[in-house]
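Worksheet: the structure to be examined is printed underneath.
Given the structure is predicted, the values throughout are model-derived calculations rather than measurements.
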Amino acid sequence: MINRINPAWRHWLLDRGSLTEQLMNFSDEPFSVKVLSQRWQLPLPHEAQQLGVPLHLAARIRQVELYCGDTRMVYARSVMPLQVYLEQRHVLQNIGTRPLGHLLFKDGKIRISKRRVSLFKGEAGTVLGRSTPYRYEDHEILVSEFFINDALIAKPA
């Protein structure tokens, strides 16, 4: 599948570092996070399967958009199983508009499991995405990121 994707996107899709840091380095514009929602709900079936949690167990789901200046670049959805949230609530309760990736990568405890890359076709065109289970403190958090702005490949990342 990755061989069918424009090579200019591969860096964004396959880099194992922090996407937040990549976006900050990509643009001279200020980086920001717009929180769309953050609540308890059931994960989608493929999310529960990827995390190995029961379908009926609620998780903390956070949906955000990542911006460079006024330009929306990425839509991200994080799924934190109940146990992860309870053990890390002192950090996660007050995350606000801070990027989750920055918190996960800052202490070096994060490990990346198998990443899935997907291509979505819709009315607005084709969108590339990646879904990554991050192992943190003996638990997994699933982060899905969708690259919604072609400006990311207009210049080298």
Side-chain angles (χ1 to χ4, degrees), residues 1 9 12-27 29-149 152:
M1 151 72 177
W9 280 111
W12 291 102
L13 293 166
L14 301 177
D15 188 89
R16 297 178 70 81
S18 165
L19 179 59
T20 299
E21 200 167 300
Q22 279 183 273
L23 288 169
M24 293 171 99
N25 291 334
F26 170 78
S27 177
E29 296 288 324
F31 173 83
S32 63
V33 175
K34 177 182 178 184
V35 178
L36 303 174
S37 69
Q38 186 168 274
R39 63 180 177 258
W40 292 102
Q41 66 186 80
L42 294 177
L44 298 171
H46 73 274
E47 293 170 331
Q49 180 184 21
Q50 203 167 352
L51 286 168
V53 298
L55 287 171
H56 67 277
L57 192 59
R60 190 70 171 177
I61 297 182
R62 182 175 194 239
Q63 297 179 87
V64 301
E65 293 174 332
L66 308 179
Y67 283 78
C68 291
D70 294 331
T71 306
R72 184 176 55 154
M73 303 302 243
V74 174
Y75 163 80
R77 176 180 165 96
S78 306
V79 180
M80 291 167 262
L82 175 64
Q83 193 62 34
V84 175
Y85 188 83
L86 292 176
E87 289 181 14
Q88 299 298 319
R89 71 179 165 268
H90 62 284
V91 174
L92 296 171
Q93 275 180 327
N94 301 313
I95 192 170
T97 59
R98 289 178 292 158
L100 177 63
H102 180 70
L103 294 174
L104 293 175
F105 281 91
K106 78 175 185 173
D107 63 10
K109 294 181 182 178
I110 196 83
R111 288 193 320 272
I112 297 174
S113 297
K114 186 176 181 177
R115 174 173 286 157
R116 294 181 182 175
V117 173
S118 302
L119 183 67
F120 301 93
K121 292 184 181 182
E123 291 177 20
T126 302
V127 175
L128 289 165
R130 65 185 195 179
S131 181
T132 311
Y134 291 95
R135 190 125 184 104
Y136 183 76
E137 304 262 343
D138 296 325
H139 299 288
E140 285 194 346
I141 297 171
L142 183 64
V143 179
S144 298
E145 297 146 329
F146 301 90
F147 299 88
I148 55 178
N149 195 315
L152 291 169

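Residues meeting the side chain to side chain donor-acceptor pair (under 3.5 Å) test with Thr97, sequence neighbours left out: none. Shown here are the side chain to side chain contact (heavy atoms under 4.5 Å, CB included) partners of Pro54, two or more places apart in sequence or in another chain: His56, Leu57. Applying the side chain to side chain donor-acceptor pair (under 3.5 Å) criterion to Arg77, with sequence neighbours excluded, gives Glu47. Every residue meeting the salt bridge (Lys or Arg N to Asp or Glu O under 4.0 Å) condition with Arg130, not counting sequence neighbours, appears here in chain and number order: Glu145. When the side chain to side chain donor-acceptor pair (under 3.5 Å) test is applied to Gln83, the partners found at least two apart in sequence or on another chain are Glu87.
Between Ile61 and Arg39, every side-chain heavy-atom pair lies at or beyond the 4.5 Å cut-off. Using a 4.5 Å cut-off on side-chain heavy atoms (C-beta onward), Ser37 and Arg62 make no contact. Side chains of Phe26 and Leu19 form no contact here, defined as non-hydrogen atoms less than 4.5 Å apart. Proximity of Val127 to Tyr75: side-chain heavy atoms (C-beta onward) are nowhere separated by under 4.5 Å. Between Val74 and Leu23, some side-chain heavy-atom pair lies under the 4.5 Å cut-off. Using a 4.5 Å cut-off on side-chain heavy atoms (C-beta onward), Ser131 and Leu142 make contact. With contacts defined as side-chain heavy-atom distances shorter than 4.5 Å, the pair Leu128/Trp12 does not qualify.
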Worked verdict on Glu140 versus Tyr134 for side-chain hydrogen bond (donor to acceptor under 3.5 Å, both in side chains): CA-CA 5 Å; Glu140 285 194 346; Tyr134 291 95; over 6 Å; no
side-chain contact (heavy atoms from CB on, under 4.5 Å) for Thr20 and Val33? Distances and angles first, verdict last. CA-CA 10 Å; Thr20 299; Val33 175; over 6 Å; no
Let me see the working for Leu82 and Arg60 under side-chain contact (heavy atoms from CB on, under 4.5 Å), right down to the final yes or no. CA-CA 7 Å; Leu82 175 64; Arg60 190 70 171 177; over 6 Å; no
Run the side-chain donor-acceptor check on residues 64-71: report pairs under 3.5 Å with partners two or more places apart or on a different chain.
unit_1 : atom_1 : unit_2 : atom_2 : d
Glu65  : OE1    : Tyr67  : OH     : 3.0
Glu65  : OE2    : Arg72  : NH1    : 3.1

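Closest approach of Ser78 and Val143 over heavy atoms only: OG-CG2, 4.0 Å. In terms of heavy-atom proximity, Pro43 sits nearest to Ala48 at CB-N, 4.1 Å.
Atom NZ of Lys34 is separated from atom OG of Ser32 by 10.0 Å, given to the nearest 0.5 angstrom. With rounding to the nearest 0.5 angstrom, the CG atom of Asn149 is 4.5 Å from the CE atom of Met73. Between His46 atom NE2 and Leu51 atom CG the span is 9.5 Å, to the nearest 0.5 Å.
Counting non-hydrogen atoms of neighbouring residues, nucleotides and ligands closer than 6.0 angstrom, the CD atom of Gln41 exceeds 12 such neighbours. Applying the 6.0 Å contact sphere to CD of Gln63 captures more than 12 heavy atoms from other residues, nucleotides or ligands.
The backbone N or O of Leu13 sits less than 3.5 Å from a side-chain atom of Arg115, completing a donor-acceptor pair.
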